[in-house]
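Just so we're on the same page: letters track the sequence lines, and every chain starts at 1. Just so it is clear, the structure is predicted and the values come from calculations on it, not from any experiment.
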Amino acid sequence: MTDTMAKVPPLVPPPVELPERVAALRAEVRAFLAEELAADRWRPRADTWLSGWDERFSKELAARGWLGMTIPPEYGGHGRGALERYVVTEELLAAGAPVAAHWIADRQIGPSLLRFGTEEQRQAFLPGIARGEVYFGIGMSEPDSGSDLASVRSRAEPVDGGWELTGTKVWTSGAHRAHAFFALVRTSPKDETNRHAGLSQLIVELDSPGVTIRPIPLLTGAHHFNEVVFDKVFIPESRVLGEIGQGWHQVTSELAFERSGPERYLSTFPLLTALLREAHQVDEERLGGLVSRYWTLRRMSLAIAGALEAGQAPELAAAVVKDLGTRFENEVIDAARTLLPTAPDPGGTGYARLLAEAVLHAPGFTLRGGTNEVLRGITARGLGLR
Amino acid sequence: MSEVREMAEQVFADAWDVEATGLDADLWKTLEQTGLARLTLPEEAGGSGGTFADWVAVATAAGQYAARVPLVETELAAWLLHAAGLEVPTGPLSVAVDEGSDTLHRVPWGRAVGGVVVPAGDRVSLVDPASAQVTEGTNVAEEPRDTLVGARVVAEGTAPSTVAVEFPLRAALGRSLLLAGAARAALAMSVRYATERVQFGRPIAKLQAIQQSLALAGAEVAAAEAASAAAAGEAQRVGFPEAALAVAAAKARCGEAAGEVARISHQVHGAIGFTREHSLRLATTRLWAWRDEDGSESRWNRLVGARAVEAGPGGLWALLTGTP
């Protein structure tokens, strides 16, 4: 009779208990953050992994060994595990610390270079990433390619000694300050029977001749997004990442790192802390509802870090947790709006300003790194529906 | 897959029956023989000495296959009796909340068990339902929830004072695991149905609207499974009163997931799922019943919220990470 049930695979890896050794690491990070806050070096904000660009802060982290943690020592890293990196990143995000400068390099560029980069490329970029001095953007989306990444039209033609790149990338956070990005480009014409073929990743140094970077202001008016135009940009053969034609496979692997971290549920956590600071009295049941969800999301997110540590690529679990987590980031804003009478005020101070920034950043939560609709498509495939 | 999980899956799946009602005596006999009953009770007390990781596997499977036995109740009763230094009888048992009178309300499987254990402070009593006046009732899943009046006390003992705090937590953890199992069952039936049901010339699973809905249900199932399993892990690691936040958060989250998974499952099944003949009800009516038993979202979220207020802005993150 049980043939009425489909075989549904495990949706999240088994629960993870953090090893005792990370307790000391966590305490060190907390002490450092407390010191920074006491010195008023920055104020906690929401969504700082997009908006909190602070190169001094990134270098301070690097000096303590908290960037490039999973990069092996021979490339300037620290050879630590995914769970140790997890503890550091969750502490930084929960505190609303300014982590944007190094975020992308540390999260996905390091792992991709380790997996697909040449020895020379690793030596060229990884030590700088671990020192908090080399910053990266993401070169995936284009004006006509968002969720449908395989439709990118930027193209590279083979020329003497390398490739000539033409096209446009958009929504490139931090491109005006970053040193480089991996551009996903077409290196052979589109084949409608195999849309994922003919794509490649090129390492583009953003000060190369022919690269033009223009700001695209966000809803807040702030400059984080950019348009990056390539006009016959020469990319030497030595800056091809991985293999020509393997871009789709490589970018999918990169997305596994991009999608799976605690920043996918913690972007608005500083708002909840601020709410507790601001409120004289708070609806405990409603607050408890938020905390129960945070607790659950954290356990799910940790389970993914455990799978990464074990060398797995938990694509389905990452999609599930990112969908739940990013929707929840919005729910926290709604609670923060309605539990206190303070109206959001972008020109204000304290809670009103924090709230305004969160409200105006919220649309991005469920778009970046793959829209929630795309993620649910991945879940649906995992369930056996497509 | 662990051996215990594999065995539990098989035992409960074999007992799955859409038509049957009442206590599944054959299943209970198997649970006794395989040691899946009284799983976490120490061996010297007549249990199997299993871990909470084993308990996750067994209780979740019981929930998934809508087992018609008081598995969780027996586990709780056995723990209470043992904590009070009393002998644990074999056979199905149940538990009830002391209300300071001779009436015990909504006793799970009260009509069908050999004993009901009633904790009151640090006192633990075993009463005999056969000696009581029984008024039969049910929850919305048609599981017996009976009223017992004047049940005779057959054994009594004193347990450590912490049982009063631990009892509702253990009950909520067990219920959370059952909920996670039932949520998985509803999802698995909905996925199956969507791949077979043809409308507009193709299986409805091919419609993006259905895929998106079931992906949302999948995320809720994932949350329920992760929360309940993590709470059990926490209980194993730090013990029960200390795992209060974990258990409270898990029961609240499983309760939320229950409503959403049941809603989506019925929406996907259409009219057939709304009928008695269809097996979906075995999962969804349990989701609706169990989310309110042993404390609804409201009760447990209030506990979590009170802890958060107590922790304050400086301690909230430490509360969540369990590391002061």
Side-chain angles (χ1 to χ4, degrees), chain A residues 1-8 10-12 14-15 17-18 23 26-27 30 90-91 94-95 269 272-278 282-300 302-303 317 319-321 323-324 373 375-380 382-386, chain B residues 13 16-18 64-65 184-185 187-189 191-195 205-206 208 210-212 214-216 218-223 225-227 229-230 232-233 237 245-246 248-250 252-253 256 279-280 297-298 300-309 312-314 316-317 319-321 323:
Chain A
M1 286 300 284
T2 49
D3 61 358
T4 55
M5 289 187 214
K7 192 105 189 121
V8 172
L11 297 166
V12 176
E17 296 296 343
L18 285 169
R26 187 189 296 283
R30 280 190 189 167
E90 73 168 354
E91 289 294 328
F269 184 78
L272 189 66
T273 316
L275 169 78
L276 277 188
R277 192 167 285 123
E278 202 77 0
V282 64
D283 176 342
E284 289 191 357
E285 184 179 331
R286 193 131 178 250
L287 174 66
L290 298 176
V291 175
S292 293
R293 286 187 163 236
Y294 269 123
W295 185 87
T296 303
L297 282 162
R298 179 168 179 273
R299 300 312 299 242
M300 299 176 92
L302 257 177
V320 164
V321 177
D323 182 22
L324 281 173
E373 287 72 16
L375 299 172
R376 283 176 219 145
I378 294 172
T379 308
L383 292 175
L385 295 166
R386 51 187 288 243
Chain B
W16 165 264
D17 189 334
V18 180
Q64 180 172 353
Y65 297 105
R184 174 164 280 264
L187 175 67
M189 287 190 235
V191 168
R192 180 67 186 251
Y193 182 78
T195 53
K206 297 295 163 205
Q208 284 197 342
I210 298 291
Q211 292 175 1
Q212 293 276 311
L214 286 175
L216 290 174
E220 293 299 306
V221 172
E225 290 181 336
R237 197 169 66 84
L245 183 97
R253 190 64 187 86
E256 284 176 10
S279 56
L280 180 63
E297 295 96 286
S298 174
W300 292 113
N301 280 335
R302 281 202 306 274
L303 181 148
V304 174
R307 293 282 176 98
V309 166
L316 178 63
W317 178 246
L319 179 76
L320 272 168
T321 53
T323 47

Just give me the residue among [options] that pairs up with chain A most often, heavy atom to heavy atom, under 4.5 Å.
options	result
B/E297, B/E256, B/E225, B/R307	B/E256
B/A227, B/S298, B/A226	B/S298
B/A306, B/A308, B/G312	B/A306

Is chain B contacted by the side chain of [X], its backbone, both, or neither, given a heavy-atom distance below 4.5 Å?
X	result
A/V291	both
A/E278	neither
A/R386	both
A/P14	neither

Can you list the residues that meet the ring pair (Phe, Tyr, Trp, His ring centres under 6.0 Å) rule with A/Y294, with sequence neighbours excluded? A/F269, A/F328

Please determine whether side-chain contact (heavy atoms from CB on, under 4.5 Å) holds for the pair B/L187 and A/L11, giving the CA-CA distance in whole Å, both sets of side-chain angles, and the decisive distance to 0.1 Å. CA-CA 12 Å; B/L187 175 67; A/L11 297 166; 4.3 Å; yes

Take A/R30 and B/T321, measure what side-chain contact (heavy atoms from CB on, under 4.5 Å) needs, and give me the verdict at the end. CA-CA 12 Å; A/R30 280 190 189 167; B/T321 53; 3.0 Å; yes

Testing the basics here: between [X] and [Y], what is the closest heavy-atom pair and its distance to 0.1 Å?
X	Y	result
B/Q211	A/A380	CB-CB, 3.7 Å
B/A215	A/T379	CB-CB, 3.8 Å
B/V191	A/A6	CG1-CB, 3.7 Å
A/S292	B/A252	OG-CB, 4.0 Å

How long is the straight-line distance from [atom2] of [Y] back to [atom1] of [X], given to the nearest 0.5 Å?
X	Y	atom1	atom2	answer
A/L272	B/L320	CG	CG	8.5 Å
B/L214	A/R376	CG	CZ	12.0 Å
A/T4	B/L280	OG1	CG	9.0 Å
A/M5	B/Y65	CE	OH	5.5 Å

Would a 4.5 Å heavy-atom cut-off, applied to side chains only, mark B/W317 and A/E90 as touching?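 Yes, at least one pair of side-chain atoms sits under 4.5 Å.
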
Side chain, backbone, both or neither of [X] within contact of chain A (heavy atoms, under 4.5 Å):
X	value
B/L303	neither
B/A219	both
B/A246	both
B/T323	both
B/Q208	neither

A/L385 vs B/I210, test: side-chain contact (heavy atoms from CB on, under 4.5 Å). Steps then yes/no. CA-CA 9 Å; A/L385 295 166; B/I210 298 291; 5.5 Å; no

For chain B, which of [options] has the most heavy-atom pairs under 4.5 Å?
options	result
A/R293, A/R299, A/R26	A/R293
A/L302, A/L324, A/V320, A/V12	A/L324
A/A274, A/G288, A/A95	A/G288

Keeping B/Q212 on the side-chain end and A/E373 on the backbone end, is there a donor-acceptor pair under 3.5 Å?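 Checked: pair present.
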
Stepwise, does the side-chain contact (heavy atoms from CB on, under 4.5 Å) test hold for A/D323 with B/L216? CA-CA 8 Å; A/D323 182 22; B/L216 290 174; 3.9 Å; yes

Less than 4.0 Å between a side-chain N and a carboxylate O, is that true for B/R302 and A/E284?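 The answer is no: the pair does not qualify as a salt bridge.
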
